[in-house]
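Worksheet: the structure to be examined is printed underneath.
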Amino acid sequence: MATTNVTAVTEDLDPSVDELRSLYRQLVLIREFEQAALDLYARAQIFGIAHVSIGQEAVPVGVCSALGADDYITSTHRGHGHCLAKGADPGRMFAELFGRAAGYCGGKGGSMHIADPSTGNLGANAIVGGSLGIATGAALGAKLSGSGLVAVCFFGDGAANQGILLEVMNMAAIWSLPCVYVCEDNQYGEYTPKQAVTAGDLGDRAEALGVEVRRVDGMDVLAVRAAARGAVAKARAGEGPQFLLCETYRFLGHGMSDRDRRYRTRQEEAEWRARDPIAGAAEVLRSRHAMAVDEAAIRAEVADEIRQAIESARAEAFPDPEAVSRNVYAD
Amino acid sequence: MSTLIESSTQVETRELTVAAALNEALREEMSRDDRVFLLGEDVGAAGGVYKVTDGLYEEFGAGRVIDSPISEAGIVGLAVGAAMTGRRPVVEVMFGDFLFLAMDQIVNQAAKIRYMSGGAWHAPMVIRTTLGAGRRAAAQHSQSVHAMVAHIPGLKVVLPSDAADAKGMLKAAIRDDDPVVFFEDKLSYREIGPVPRGEYLVPLGQALVRRHGRDVTLVATSSMVGVAMSAAETLAGASVEAEVVDVRCLSPLDLDTVLDSVRRTGRCVVVDEGHRRFGATAELAASVAENAYRELVAPVRRLAAMDVPVPFSPVLEDLTIPRADQVVTAVNGLMAWER
Ligand SMILES: Cc1ncc(C[n+]2csc(CCOP(=O)(O)OP(=O)(O)O)c2C)c(N)n1
């Protein structure tokens, strides 16, 4: 199967100033949301298990910019970015992190389980690889109902080693399902580097099934957007499942408690940080549109939005005790 | 030669965390028997997410402490084959919740090979995994699924509740010729307890009376042993003497120790952190009722996790796990019972 050359496509798309501004704003929104979440965690105001995607923002933002409001996504344990990029409200997300009734899951899910039907978000999943079947099933449903919708499955390089990926991609391929598999290859699964546990190239696995693969610079939001547009268009047109292999990096630890990151060097981190997707997007704004957008103003505006989201979330009530038995079954 | 001891025996001890005790068990068994090897996610240089395998990679090398891909079904399947052909694998599955990804390998392969092959093959392996809620980790990281595993003939199910047992029972599990699923309470890893010096084993399938009392028997497992002990303290203040039996193994199950105690006290409360329905408490309570009916002066009571997935919000999660005050209330109810 051919590997699409994404760099060439990027130039052709030439996003407008408004599009660029909106992409930039979303990158900043995810970054600020997660910085705030880290801070709240450090102050023990949120709890449990949470993972931030700082550094990886270009993947969800680029991919979701290629989706319609009703298209589906599934997400992972590192899901804040996917959720926000698909249009979730930061206030309800913080309410969930605080365990409040007003949160997206009524306080039952927390960071790793945020789901939002109103934006087509089928849910974050704390089981590595747990959403691969769900996304493929949503694509099967879309095909059966003729809805024309596409399902995007975000997953990590680590999750690609779960056998279910092969099972569901095979089915997606034989039945030409409108599913886009987006591998966020951030080089590590927890504390183990990819090379130690992953044979060959992940894209080759999809290609072996006849699934079209696009290899993307996951630090470049425009490259991701271009590749995603191509993939989504093909999936929607009935040309079968698509695979995006996005090279990216998490700047921080695996989870909130992983601070020393002994499994990798500070130099490696610095090299990836030099390719910060937010700085990259700002650079495009500057070079193509001669400072048409005031980065500082956007950052300030987003910071303000986050502050308000936290304040409103904090003011929400905890679930009442009876809620504990609700939603186990249909009432 | 190792000595078999009961952890209540008076021997020279030092304080270790549960994680360190497990680490010692692994180190000793790997030194003793070069067939023993470790396999799991992040067990190598990272030392395991709970630091149980810390330092073993440096000591025994990448050939004996193997970092696996995130492929639970695959690694358990590999362990079955390696065990059948002469190795002694110890697999780490970070959260008990993830056992379900490997359930075919555990239930249909490991558990059945001895029986199906008429004893021609067997799979001596250990799967170390966790149980317990209370970490605000939500529904996919908080389950206590030991009763489900214990439902399957051919598997042994071990539930240590303190550092000494963690060490002695892990060593026994590694030497055991059957597949053993070894459940560690994730909240216990940093708890400190006395651990005997020198080598010792705690035989599988022997319950332990952790506290003696004449009025009521509290039968508890793993994380709930602490809950039962603190309930017993409270009850003692009100002159009710509770006996606490730590089950330690669901399979093989030492019913004799449990029945012995219940026959003396005439009352029984069973406490376990798995779900209530069809769970460990159901099995234990039914066995007590079946076998000690005449000696019971009140019905057997049981406390277990609520039959809901574990919720994230602390205000909800705390409702779902049995608490000491609920045990006390249950006991008081039994004490007031007139036959
Ligand atoms: C089935 C399962 N196994 C193990 C884990 C523990 N775990 C959580 S995240 C993670 C690493 C996942 O790596 P990857 O898929 O690359 O995603 P990343 O964290 O890099 O975003 C592991 C092993 C889990 N949650 N689920």
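Letters A, B, ... are given to chains in the order of the sequence lines, protein chains preceding strands, and every chain is numbered from 1.
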Against chain A, label B/Phe95 side chain, backbone, both or neither, depending on which of its atoms sit under 4.5 Å from a heavy atom there. side chain
Where on B/Ala45 is there a heavy atom nearer than 4.5 Å to chain A: the side chain, the backbone, both, or neither? neither
If you count heavy-atom pairs within less than 4.5 Å of chain B, which of A/Gly163, A/Gly189, A/Pro319 leads? A/Pro319
Ranking A/Asp258, A/Val328, A/Ile127, A/Asn327 by heavy-atom pairs under 4.5 Å to chain B gives rank one to A/Ile127
Using only heavy-atom distances, determine whether the side chains of B/Glu72 and A/Gln162 contain a donor-acceptor pair under 3.5 Å. yes
Can you confirm whether or not the ring centre of A/Phe318 sits under 6.0 Å from the ring centre of A/Phe98? no
Chain A contacts, top residue of B/Ser71, B/Ser142, B/Ala46, B/Gly44 (heavy-atom pairs, under 4.5 Å): B/Ser71
In terms of heavy-atom proximity below 4.5 Å to chain B, should A/Ile164 be classed as side chain, backbone, both, or neither? neither
For residues B/Glu273 and B/Ser222, determine if any side-chain heavy atom of one lies less than 4.5 Å from a side-chain heavy atom of the other. no
Which atoms of B/Thr320 are under 4.5 Å from chain A, going by heavy atoms: the side chain, the backbone, both sets, or neither? side chain
Should the pair B/Phe183 and B/His146 be assigned to parallel (<30°), tilted (30 to 60°) or perpendicular (>60°) ring geometry? perpendicular
Bottom line for A/Tyr263: the part with an atom under 4.5 Å from chain B's heavy atoms is neither
A/Thr198 versus chain B, the contacting section by heavy-atom distance below 4.5 Å: neither
Does NZ or CZ of A/Arg92 lie under 6.0 Å from the centre of the six-membered ring of A/Tyr104, at an angle within 45° of the ring axis? yes
Checking A/Ser53 against A/Glu34 for the side chain to side chain donor-acceptor pair (under 3.5 Å) test, could you report, in this order, the C-alpha distance in whole Å, the side-chain angles of both residues, the deciding distance, and whether it holds? CA-CA 8 Å; A/Ser53 62; A/Glu34 293 198 313; 2.9 Å; yes
Mind checking whether A/Phe47 and B/Phe312 have parallel, tilted or perpendicular rings, split at 30° and 60°? tilted
